[in-house]
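Below: one structure, written as structure tokens.
Quick note: numbers below take in every heavy atom, side chains included, and nothing from hydrogens, waters or symmetry partners.
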Amino acid sequence: MLPSQLSNEDFYNYIAPQTVTQFYGAPDRESTLTHLECETIASHTVRAALGATVLDDIRNGAAAVDNAVRRDDGNAYNIDDFGWFALDSRMSQLVIEITSMRCEE
């Protein structure tokens, strides 16, 4: 699989189960903030460690997301944007922009 073959929905479906912290996607974010006690903490740009495959990149990205959210003492996140950026002619790196949140459970 190539990054270009992955839809936004596919990406969300792959990354969400890989994270320990709770994922709230764009459609869920507003209702989550309205119905739960959630506080937005900070925005981050996280870079995944390079993986051998797209799914490895996503697993590594999930770990980077969890690390950023936990550093903020949060327990949830929203993905604001993501993409693979070329490092050279043969390698690309997954970069994910997130908002970390603290939600009452």
Minimum heavy-atom separation for [X] to [Y], with atom names?
| X | Y | result |
| --- | --- | --- |
| G61 | I15 | C-CD1, 4.2 Å |
| Q18 | D66 | O-OD2, 4.2 Å |
| V95 | R47 | CG2-NH1, 3.2 Å |
| I98 | V69 | CD1-CG2, 4.0 Å |
| L50 | D57 | C-OD1, 3.9 Å |
| N13 | P17 | O-CD, 3.1 Å |

message: Tell me if the aromatic rings of Y24 and Y77 count as close, with their centers under 6.0 Å from one another.
response: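 Distance test on ring centres: not under 6.0 Å, no.
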
Rounded to the nearest 0.5 Å, how far apart are [atom1] of [X] and [atom2] of [Y]?
| X | Y | atom1 | atom2 | value |
| --- | --- | --- | --- | --- |
| N67 | T19 | CG | OG1 | 11.5 Å |
| T21 | M101 | OG1 | CE | 9.5 Å |
| R59 | T53 | CZ | OG1 | 6.0 Å |
| L94 | N60 | CG | CG | 8.5 Å |

message: Is there a path of hydrophobic side-chain contacts, each under 4.5 Å between heavy atoms, that joins L55 and F85?
response: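 No; tracing contacts between hydrophobic side chains, which count when under 4.5 Å, never links both residues.
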
- prompt: Do you reckon I58 sits in the same ILVMFWY cluster as V46, going by side-chain contacts under 4.5 Å, direct or chained?
  reply: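 The answer is yes; both residues are in one hydrophobic cluster.
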
Quick one: does [X]'s side chain have a donor or acceptor within less than 3.5 Å of a partner on [Y]'s backbone?
| X | Y | result |
| --- | --- | --- |
| D10 | L6 | no |
| S100 | A42 | yes |
| Q93 | A48 | yes |

- prompt: Do you see a donor-acceptor pair shorter than 3.5 Å between the side chains of T99 and N78?
  reply: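 No, no side-chain donor-acceptor contact under 3.5 Å.
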
message: Between R102 and D73, is there a side-chain heavy-atom distance shorter than 4.5 Å?
response: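 SC-SC contact between D73 and R102 confirmed.
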
query: Do D72 and H44 have side chains that get closer than 4.5 Å, going by heavy atoms?
result: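 They are in side-chain contact.
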
query: Once the angle between the rings of F23 and Y12 is folded into 0 to 90°, is it parallel (under 30°), tilted (30 to 60°) or perpendicular (over 60°)?
result: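 Because their plane-to-plane angle lies in the 30° to 60° range, the rings of F23 and Y12 count as tilted.
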
